[in-house]
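Chain naming here is simple, since letters A, B, ... match the order of the sequence lines and numbering starts at 1 in each.
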There are 2 protein chains.
Amino acid sequence: MENHQQKSASRVMCSEASQFLDQEIIIKGWVQRIRHLGKIAFLQVRDRTGYIQCVLEGQWAKKSLSLESVISLKGKAVAAEKSPSGVELVVVSLEVINIAANPLPFEVNKENLNVNLDTMLDQRVLSLRNQKEQLTFKIQSTLAGAFRDFLVKHGFTQIFTPKIVAAGAEGGANVFAVNYFEQQAYLAQSPQFYKQMMVGAGYERVFEVGPVYRAEEHNTSRHLNEYISLDLEIGFVQSEEELMDLEEALLSFMFGKVKSAFELELNKYHIEVPEVEKIPRITVMEAQRILEETYGKSSPAGDLDPEGERLICQYFMEKQGSAFVFLTSYPRDVRPMYALPAACNPDETASFDLLFKGIEVTTGGLRIHDYAQLIASIQSRGMNPANFESYTEAFKYGMPPHGGLAIGLERLTSKLLNHPNIRYASTFPRDRHRITP
Amino acid sequence: MENHQQKSASRVMCSEASQFLDQEIIIKGWVQRIRHLGKIAFLQVRDRTGYIQCVLEGQWAKKSLSLESVISLKGKAVAAEKSPSGVELVVVSLEVINIAANPLPFEVNKENLNVNLDTMLDQRVLSLRNQKEQLTFKIQSTLAGAFRDFLVKHGFTQIFTPKIVAAGAEGGANVFAVNYFEQQAYLAQSPQFYKQMMVGAGYERVFEVGPVYRAEEHNTSRHLNEYISLDLEIGFVQSEEELMDLEEALLSFMFGKVKSAFELELNKYHIEVPEVEKIPRITVMEAQRILEETYGKSSPAGDLDPEGERLICQYFMEKQGSAFVFLTSYPRDVRPMYALPAACNPDETASFDLLFKGIEVTTGGLRIHDYAQLIASIQSRGMNPANFESYTEAFKYGMPPHGGLAIGLERLTSKLLNHPNIRYASTFPRDRHRITP
């Protein structure tokens, strides 16, 4: 009680107001909604935890306030049965901290923002105040945190590797060039080489959460040119099955955290977080056969196209109720030079993709760890091993067998939340044409 | 017991071997040291958790093994009083998984690596296998994790903002240019604008852990051109004192985590983690006066130079036993356009730096939140507000008072571990000349 009274001298968050019934508290936040009814006005104030209904009487009832202005209120918290939080604030005094321009470019306080994507992104600070939109990055933060918590618990070390690199990891295409003093440098397409090197440096189990860059020309609803990759790499792994087992447990943990942290919000917006249990695993060849037989859909050699990814997910949702499917045994031709050939078939790789609601969210697999095999693999692609020397050098002195995977954070977030476009899950997306705000 | 026997069929980590006394276990790792004594050989095998002494007898005693090769051993864990872990492995069988080239470029298994910095960085995968060097990035991972844990507990949301930007946050100097399709873009010098915008977007308390880029020409022991910035920004903050209070509590938490997680290693290498309690706070003017009076040292206008930073830290270590000191009240001239003028003196800013063992590890302060004031501040620097429109636009619609700070992760790590050069605390450092490995 004493503690509460002390706290009530400073700011109380909207979500905690019900703990201060019949006490005078201070609320700070944004004007979400205001309704003047003559001698009385009803005001909704929103802070990062939610909002509270306030009653303005007397002089305050006439106060003109533009929506989204920042205000501070002093008032008495009283029980209010009709209010979802069970409390409302009878205002004693009101201070405007920062007045918002009027009118707003669009209405922020609707349940669903009714603006087009470009407007939403141009006015990101306003559009994210909408409670439904705001949820996206709270959930994204939870996903990233759960990724770390799970891995640290399993003996992983978080690493930070450079994004300015001397050569592209995948061979040179689709990289952004950087003018680095007298040298030509590039933005890293992935931390692939570096996470492998850190496994070999004795850390064995490493993860990184950081930006990656793809200078791809297409401008689609599923691509960003800069995105956050949740990367992990693990030494002394025996088969790609272990990696898929790990990803199942990892995603189950991450989704579980989201579910428990945002139960109310997920219910309110009818977002169903899938249970991640045993995810179906089929070879890419088997997937192609299913697509051909079920949908009369042909696929490119050794791979699925976007339409194929969508249909194979539809298939597994209908047949097994699974929002996920692992595709395995990709041919060497469609995988990078570091992919380990499969033990049973040297034309295939010990690798996999994970599809989620119609889109690839993970690529993973075992890597070559033998120096001579790695050099031969680079040469077999018509590339010069000398260009990869600072990477291959690490394989001379005892590189353990290893493998790993990467999850695209924005794709995972946007599919989880059923966004129609990946840009909804990027704070300030970078695409073919957009580099502002 | 049943559980242990099940586990013993798979790999056991070196640090856990003592839990399997008199059982047969499998150990995998790197050959750290080997000594042949005729009919017997002693082998140290290292994994990510430490190392174990192994006894090779019979055929295995004659086995030739190059140092740093990756091996798998089956053997019986037996009590060994002389061993630090209390256990050694009597080997039953040994398999070489990946043979290391011989000789190594330098000796990895010494207590202190005796190689110059360039060699160490060129051969990063080998040099980091040295146990003392390896500790650096385990501690760095713990620091970054503790940063997050503390902030999440205090209501912060982790954000991910773009590193490809249309304009430099600080006005244009020292940025790396990126060729972004048809546009000219730059690498972000900090997430400053974006973290402020995310505060204004209603998240109020945000943090980011990500790379920042400074195209500075100098090549010193304290600068990197790409480094990891631990950024936070907080809305509805009243004074810079609150931010300094927050940083004290934050650093105390982070250092506490390091202390408890690495007690043995810190003792072994004589690394003392400072207690962070109340850190001295003095104005930069007062610091200049102390430097002048105590050391006859003059300073540049409104700031300290690197020698001044070193000496003022020496002063506070000698006088108060503090490894840290806050410098406050920087003049507007030496702070960026977004810095909030001090309430009591409009020529000063409500800002601060934190010095740690002779070097600046944090810059922080309150920011301007009023639109008109921000535009005037930009103009007063001779800059064109139109160039900052996608940032300033956010201030039109209710930006709360706010402030924040940023900690340089490599500087913090390297000073904590008493490294002579910041490069020791970067996995793959980027400097004036180095972009490989």
Side-chain angles (χ1 to χ4, degrees), chain A residues 11 28 30 48 68-70 97-98 100-101 104 124-126 128-129 134 137-138 141 144-145 148 152 157-164 166 176-181 183 185 194 197 200-204 210-211 226 228 236 369-370 390 394 396-400 427-428 430 432 435-437, chain B residues 11 28 30 48 68-70 97-98 100-101 104 124-126 128-129 134 137-138 141 144-145 148 152 157-164 166 176-181 183 185 194 197 200-204 210-211 226 228 236 369-370 390 394 396-400 427-428 430 432 435-437:
Chain A
R11 181 188 184 198
K28 295 181 182 185
W30 288 268
R48 69 174 191 274
E68 296 305 317
S69 291
V70 179
I97 297 176
N98 202 355
L104 300 170
R124 202 57 163 146
V125 167
L126 265 187
L128 285 177
R129 289 194 198 154
Q134 185 159 120
F137 299 105
K138 290 184 175 173
S141 172
R148 173 183 165 270
V152 165
T157 298
Q158 182 171 14
I159 58 171
F160 301 93
T161 70
K163 306 308 156 203
I164 291 178
F176 288 113
V178 180
N179 307 319
Y180 193 82
F181 303 116
Q183 299 181 70
Y194 294 105
M197 289 162 83
Y203 295 93
E204 292 189 29
E226 173 175 10
I228 298 297
F236 297 98
H369 63 276
D370 179 78
S390 72
K396 282 185 183 166
Y397 304 109
M399 181 66 83
T427 52
F428 301 94
R430 295 298 178 248
R432 185 70 183 76
I435 54 174
T436 56
Chain B
R11 181 187 183 198
K28 296 181 182 184
W30 288 268
R48 70 174 191 273
E68 296 304 318
S69 290
V70 179
I97 296 175
N98 201 355
L104 299 170
R124 202 56 164 146
V125 167
L126 265 186
L128 285 177
R129 289 195 198 153
Q134 184 158 121
F137 298 105
K138 289 183 176 173
S141 171
R148 174 183 163 271
V152 166
T157 299
Q158 183 170 13
I159 58 171
F160 301 93
T161 69
K163 306 308 157 203
I164 292 179
F176 289 114
V178 179
N179 306 319
Y180 193 84
F181 303 115
Q183 299 181 70
Y194 294 105
M197 288 161 84
Y203 295 93
E204 291 189 29
E226 174 175 10
I228 298 296
F236 297 98
H369 63 276
D370 179 78
S390 73
K396 282 185 185 167
Y397 304 108
M399 181 67 83
T427 53
F428 301 94
R430 295 299 179 248
R432 185 71 181 76
I435 53 172
T436 55

> Taking A/Gly210, A/Ala101, A/Ala185, A/Ala394 one by one, which has the highest count of heavy-atom pairs under 4.5 Å against chain B?
Replying inline: A/Ala101

> So which of B/Asn179, B/Thr161, B/Val178 has the biggest tally of heavy-atom pairs under 4.5 Å with chain A?
Replying inline: B/Asn179

>> Less than 4.5 Å apart, side chain to side chain, heavy atoms only: is that true for A/Val125 and B/Tyr397?
In response: no

>> Looking only at heavy atoms and a cut-off of under 4.5 Å, which of A/Gln158, A/Lys396, A/Glu226 has the most pairs with chain B?
In response: A/Glu226

> Side chain, backbone, both or neither: which part of B/Pro211 has a non-hydrogen atom closer than 4.5 Å to chain A?
Replying inline: side chain

> Looking only at heavy atoms, what is the nearest atom pair of A/Gly200 and B/Trp30, with distance?
Replying inline: O-CZ2, 3.8 Å

>> For chain B, which candidate among A/Phe428, A/Phe181, A/Phe137 shows the most heavy-atom pairs at distances under 4.5 Å?
In response: A/Phe181

> Among A/Ser69, A/Ala201, A/Ala100, which has the most heavy-atom pairs under 4.5 Å with chain B?
Replying inline: A/Ala201

> Between B/Leu126 and chain A, which part of the residue has a heavy atom less than 4.5 Å away: side chain, backbone, both or neither?
Replying inline: side chain

>> In the structure I gave you, are the side-chain heavy atoms of B/Arg124 and A/Met197 within less than 4.5 Å of one another anywhere?
In response: no

> If you take all heavy atoms of A/Tyr203 and B/Gln134, which pair is closest and at what distance?
Replying inline: OH-O, 2.7 Å

>> Using a 4.5 angstrom heavy-atom cutoff, name the option from A/Asp370, A/Thr157, A/Val152, A/Ile97 with the most pairs to chain B.
In response: A/Thr157

> Does any heavy atom of chain A fall under 4.5 Å from the side chain of B/Ile435, the backbone, both, or neither of them?
Replying inline: both

>> When you measure from the side chain of A/Ser390 to the backbone of B/Pro437, do you find a donor-acceptor pair of N or O atoms at a distance under 3.5 Å?
In response: no

> Which of the residues A/Glu68, A/Lys163, A/Lys138 is involved in the greatest number of heavy-atom pairs with chain B at under 4.5 angstrom?
Replying inline: A/Lys163

> Side chain, backbone, both or neither: which part of A/Arg129 has an atom under 4.5 Å from a heavy atom of chain B?
Replying inline: both

>> Please find the pair of heavy atoms, one from B/Thr427 and one from A/Pro162, that lie closest to each other, and give the distance.
In response: OG1-CD, 4.4 Å

> Given a strict heavy-atom distance threshold of 4.5 Å, which part of A/Ile228 is in contact with chain B: side chain, backbone, both, or neither?
Replying inline: side chain

> So which part of B/Gln183 gets closer than 4.5 Å to some heavy atom of chain A, the side chain, the backbone, both or neither?
Replying inline: side chain

>> Under a 4.5 Å cutoff for heavy-atom pairs, which residue among B/Asn98, B/Ile159, B/Leu128 has the most contacts with chain A?
In response: B/Asn98

> Closest approach of A/Phe236 and B/Arg11, non-hydrogen atoms and distance?
Replying inline: CD1-NH1, 3.5 Å

>> Quick check: closest heavy atoms across A/Ala166 and B/Thr436, and the distance to 0.1 Å?
In response: CB-CG2, 3.6 Å

